[in-house]
Amino acid sequence: EPEVTQTPSHQVTQMGQEVILRCVPISNHLYFYWYRQILGQKVEFLVSFYNNEISEKSEIFDDQFSVERPDGSNFTLKIRSTKLEDSAMYFCASSERGLLFFGSGTQLSVL
Amino acid sequence: QKEVEQDPGPLSVPEGAIVSLNCTYSNSAFQYFMWYRQYSRKGPELLMYTYSSGNKEDGRFTAQVDKSSKYISLFIRDSQPSDSATYLCAMSDSGGYNKLIFGAGTRLAVHP
């Protein structure tokens with residue numbers, strides 16, 4: 001069964017460092033998303049991406065964040081200068097006909 | 001008032017019980033309602049998807065939407081220990097083409 005793949009599963013970084021989280025969406029899906037979940041809190045929308053551009057972003061998704069689809073298969077989330085409060089589980093998702101399928105997530109720990 | 005409210009539990013039931021999980025919401029524009037299951041430190045897994053009001057059944061799972069009351073439910077029949085997980089409701093005004101708003105999740109434990 002096709003699935004969304006995320007790497008790495010865990011990422012530890014120092015405050016102020018740049019991180020790139022990687023995702024391979026399901027191959028025939030056209031819509032891509034990043035969500036995050038801070039420990040003990042709700043899953044929150046960050047950004048949606050369609051046709052090589054951002055279609056919607058949340059207030060969380062400020063200038064420190066960017067997304068890119070560098071080739072036909074990968075979808076990345078970059079955090080330019082990480083803060084302690086960026087520590088969370090980051091989920092990539094892709095959708096077909098409005099149904100979202102999530103990856104297993106990258107646990108980001110900012111020290 | 002929060003957009004989506006969901007009792008976080010935990011809910012503990014014996015194997016074979018019928019489980020009822022619920023969410024309320026405030027935004028009348030929501031038309032698409034989903035239930036996801038999340039195991040510890042894993043991604044949400046889509047269980048059920050409903051458009052507008054009504055019922056939908058899939059095996060042991062039944063999803064209900066009452067738009068007049070802004071209330072959705074997920075019923076699990078003949079619950080199994082493998083059903084132990086956190087159940088998240090999610091909703092949007094345009095399906096997955098727009099952002100999903102999630103509830104806090106209800107933690108369910110089914111004991112043998």
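Convention: sequence-line order gives letters A, B, ...; per-chain numbering from 1. These numbers were taken from a predicted model, which means no experiment stands behind them.
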Part of B:Glu45 within contact of chain A (heavy atom distance under 4.5 Å): neither

Which portion of B:Leu88 sits near chain A, non-hydrogen atoms under 4.5 angstrom: side chain

Any donor and acceptor pair, going by atom type alone, linking the side chain of A:Lys42 with main-chain N or O of B:Gly105 inside 3.5 Å? no

Would you say [atom1] of [X] has more than 12 non-hydrogen atoms from neighbouring residues, nucleotides or ligands within 6.0 angstrom?
X        : atom1 : result
A:Leu111 : CG    : yes
A:Asn28  : CG    : yes
B:Lys67  : NZ    : yes
A:Glu59  : CD    : no

Looking only at A:Gln41, A:Glu44, A:Gln37, the option with the highest number of non-hydrogen pairs under 4.5 Å against chain B is A:Gln37

Work out which heavy atom in B:Gln38 is nearest to a heavy atom in A:Phe91; give both atom names and the distance. NE2-CZ, 3.5 Å

Please check if [X] and [Y] belong to a single hydrophobic cluster, counting links between Ile, Leu, Val, Met, Phe, Trp and Tyr side chain heavy atoms closer than 4.5 Å.
X        : Y       : value
A:Ile38  : A:Tyr90 : no
A:Val19  : A:Phe61 : yes
A:Phe101 : A:Phe45 : yes
A:Met15  : A:Leu77 : yes
B:Tyr32  : A:Leu30 : yes

Hey, what do you get for [atom1] ([X]) to [atom2] ([Y]), rounding to the nearest 0.5 Å?
X       : Y        : atom1 : atom2 : result
B:Met34 : A:Leu99  : CE    : CG    : 6.5 Å
B:Lys99 : A:Ser55  : NZ    : OG    : 12.0 Å
A:Met89 : B:Arg41  : CE    : CZ    : 5.0 Å
A:Ser95 : B:Leu100 : OG    : CG    : 9.0 Å

By a 4.5 Å heavy-atom criterion (distance strictly below it), what part of A:Tyr50 contacts chain B: side chain, backbone, both, or neither? neither

Measure distances from A:Gln107 to the heavy atoms of chain B and classify the residue's part below 4.5 Å as side chain, backbone, both or neither. side chain

Tell me, with the steps shown, if A:Tyr35 and B:Phe102 meet side chain to side chain contact (heavy atoms under 4.5 Å, CB included). CA-CA 11 Å; A:Tyr35 284 75; B:Phe102 280 84; 3.8 Å; yes

Sub-6.0 Å ring centroid separation between A:Phe102 and B:Tyr36: yes

